[in-house]
Amino acid sequence: MFIYGKTGTGKTAVTKYVLNKLSSKAHELGALIEICYVNCRLAGTEYRVLSSLCDALDVKVPFTGLAVGEVFDRFKDGLDQQRKIFIVVLDEIDALIKVRGDKLLYELTRINETLRHGRTSIIGISNDLRFKEFLDPRVLSSLSEEEIVFRPYDAAELQDILWRRAQLAFSDGALHDSAVALCAALAAAEHGDARRALDLLRVAGELAEREGTAFVSENHVREAEKRVEHDRIFEVLENLPVHSKLVLCSVYLLGKTKLSYTITGDIYGIYCELCDQTGLSPLTQRRVSGLISELDMIGLLNARVVSMGRHGRTKKIRLGIGRSLVRNVFTNNDRFRELLGYVPNCFAGFH
DNA sequence: CCTCCACCGGAACGTGAGGAGT
DNA sequence: ACTCCTCACGTTCCGGTGGAGG
């Protein structure tokens with residue numbers, strides 16, 4: 001079966017809950033059942049997904065070195081020998097399919113045809129509703145028999161969830177109705193993400209506690225919102241690879257000019273200068289173009305492809321986050337601090 | 001209406017560091 | 001000792017293209 005829904009709508013939680021129930025019922029009845037939960041985005045590759053599956057069956061595989069086909073065969077053999085009913089949960093499966101294709105999924109759907117004793121069921125969980133478009137029709141037909149869509153929580157439902165948790169976490173009277181309502185409203189606006197709502201409430205609580213205030217107010221929630229967002233971006237920014245940082249820095253520097261936007265070519269020019277400054281050898285423009293797209297995807301940049309007629313086709317690029325945030329992160333970094341003040345040679349050409 | 005710019009983005013291939021099986 | 005894997009991260013090559021300006 002397939003389960004769709006945005007982040008924080010309870011797909012994973014519900015799946016795990018139901019499988020737990022199923023598992024204990026199976027235990028009661030003495031049925032041979034095995035459940036394996038894999039997060040495909042974290043696993044990242046077909047190989048690692050398969051090796052998690054093998055792990056669940058106690059089939060030993062090295063973490064690298066084998067051909068994917070070999071690992072699959074071992075998995076199949078293990079399954080057949082143990083005569084189990086195997087339930088595979090592939091969470092965030094869209095992430096894997098988009099990058100690696102649907103080969104693994106196809107093999108998994110047809111595995112029952114070749115097994116003599118074992119049986120498998122697949123539960124695919126996806127954040128992306130359009131995910132189906134990426135699938136082979138054969139995979140689709142065998143997996144689409146059952147579909148569940150988790151719609152986003154609305155503000156009222158979020159409030160309900162928050163209150164239940166709050167009863168466990170907060171003392172009586174420490175939480176104002178309005179604060180909870182605001183948490184719910186903010187999260188509801190952002191596609192009803194319950195995890196986000198809970199995060200907000202937790203951070204708001206921490207802020208109030210640190211302040212020594214007896215209760216959590218709306219202001220704490222607003223403060224928490226800023227904090228959560230800031231921390232998130234800060235984290236990604238800091239852990240970016242050097243070249244991505246340099247690209248970002250180039251966009252930042254170009255932002256100092258009067259230009260309202262920048263294009264790939266300009267960025268590449270400055271990027272090369274920065275590489276020179278730091279003693280790194282620059283990557284190719286093709287690669288940098290790829291890095292820009294990646295940065296666009298995580299939201300640090302806004303890039304969109306435009307055609308400028310005679311002046312060709314390129315990407316218009318802006319910073320996707322506040323300039324001060326970039327400055328903050330780079331000032332903390334010895335290597336990048338001086339780059340912030342760097343004046344590129346090619347600025348002579350801009351006004 | 002056509003041309004042609006300045007890149008886009010897919011695909012194939014390379015590298016070097018993980019390792020396995022025989 | 002040898003051949004064969006994966007995998008992240010790059011490079012090389014190249015066909016494709018929206019629309020301003022001739």
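Letters A, B, ... mirror the listed sequences (proteins, then strands); counts begin at 1.
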*Got a sec, which residues hit salt bridge (Lys or Arg N to Asp or Glu O under 4.0 Å) with A:Glu235, two or more places apart in sequence or on another chain?*
none
*asked:* Between A:Asp199 and A:Arg202, does any side-chain N to carboxylate O distance fall below 4.0 Å?
replied: yes
*Gap between atom OG of A:Ser23 and atom NE2 of A:His27 - 0.5 Å precision*: 8.0 Å
*If you walk 5' to 3' along DNA chain B, what is the first nucleotide with an atom under 4.0 Å of a heavy atom in chain A, and what is the last?*
B:dT3 to B:dG21
_Of residues 40-52 of chain A, the positions that come close to DNA chain C - non-hydrogen atoms, cut-off under 4.0 Å_ = A:Thr45, A:Tyr47, A:Arg48
_Evaluation steps, side chain to side chain contact (heavy atoms under 4.5 Å, CB included), between A:Phe75 and A:Leu108_ = CA-CA 11 Å; A:Phe75 165 64; A:Leu108 279 176; 4.0 Å; yes
_Of residues 284-292 of chain A, the positions that come close to DNA chain C - non-hydrogen atoms, cut-off under 4.0 Å_ = A:Thr284, A:Arg286, A:Arg287
*Quick one: CZ on A:Arg222 to CG on A:Leu186, what's the gap to the nearest 0.5 Å?*
6.5 Å
*Looking at CG of A:Leu79 and CZ of A:Arg116, how far apart are the two atoms once the value is rounded to the nearest 0.5 Å?*
11.5 Å
_The single option from A:Asn39, A:Thr12, A:Thr15 passing side chain to side chain donor-acceptor pair (under 3.5 Å) against A:Asp91_ = A:Thr12
*Are the charged groups of A:Arg164 and A:Asp160 less than 4.0 angstrom apart, N to O?*
yes
*In terms of the angle between their ring planes, are A:His230 and A:Phe234 parallel, tilted or perpendicular, with boundaries placed at 30° and 60°?*
parallel
_Donor-acceptor contact below 3.5 Å, side chain A:Gln285 vs main chain A:Tyr268_ = no
*Between the two end axes of the helix from B:dC1-C:dG22 to B:dT22-C:dA1, each built from 5 base pairs, what angle do you get to the nearest 10°?*
30°
*Under 3.5 Å: donor-acceptor pair, side chain of A:Lys11, backbone of A:Lys6*: yes
_Assess whether a salt bridge exists between A:Glu190 and A:Arg196, defined as any Lys/Arg side-chain N lying under 4.0 Å from an Asp/Glu carboxylate O._
yes
*Would you confirm whether A:Tyr153, through its side chain, and A:Ala188, through its main-chain N or O, come within 3.5 Å as a donor-acceptor pair?*
no
*Do A:Tyr252 and A:Phe336 have ring centres separated by under 6.0 Å?*
no
Would you list the protein and nucleotides 18-22 of chain C atom pairs, both N or O, that sit under 3.5 Å from each other?
{"from": "C:dG18", "atom 1": "N2", "to": "A:Ser307", "atom 2": "OG", "distance (Å)": "3.4"}
{"from": "C:dG18", "atom 1": "N2", "to": "A:Gly309", "atom 2": "O", "distance (Å)": "3.2"}
{"from": "C:dG18", "atom 1": "N3", "to": "A:Ser307", "atom 2": "OG", "distance (Å)": "2.6"}
{"from": "C:dG19", "atom 1": "O4'", "to": "A:Ser307", "atom 2": "OG", "distance (Å)": "3.2"}

_Parallel, tilted or perpendicular, as decided by the 30° and 60° cut-offs, for the rings of A:His243 and A:Tyr271_ = tilted
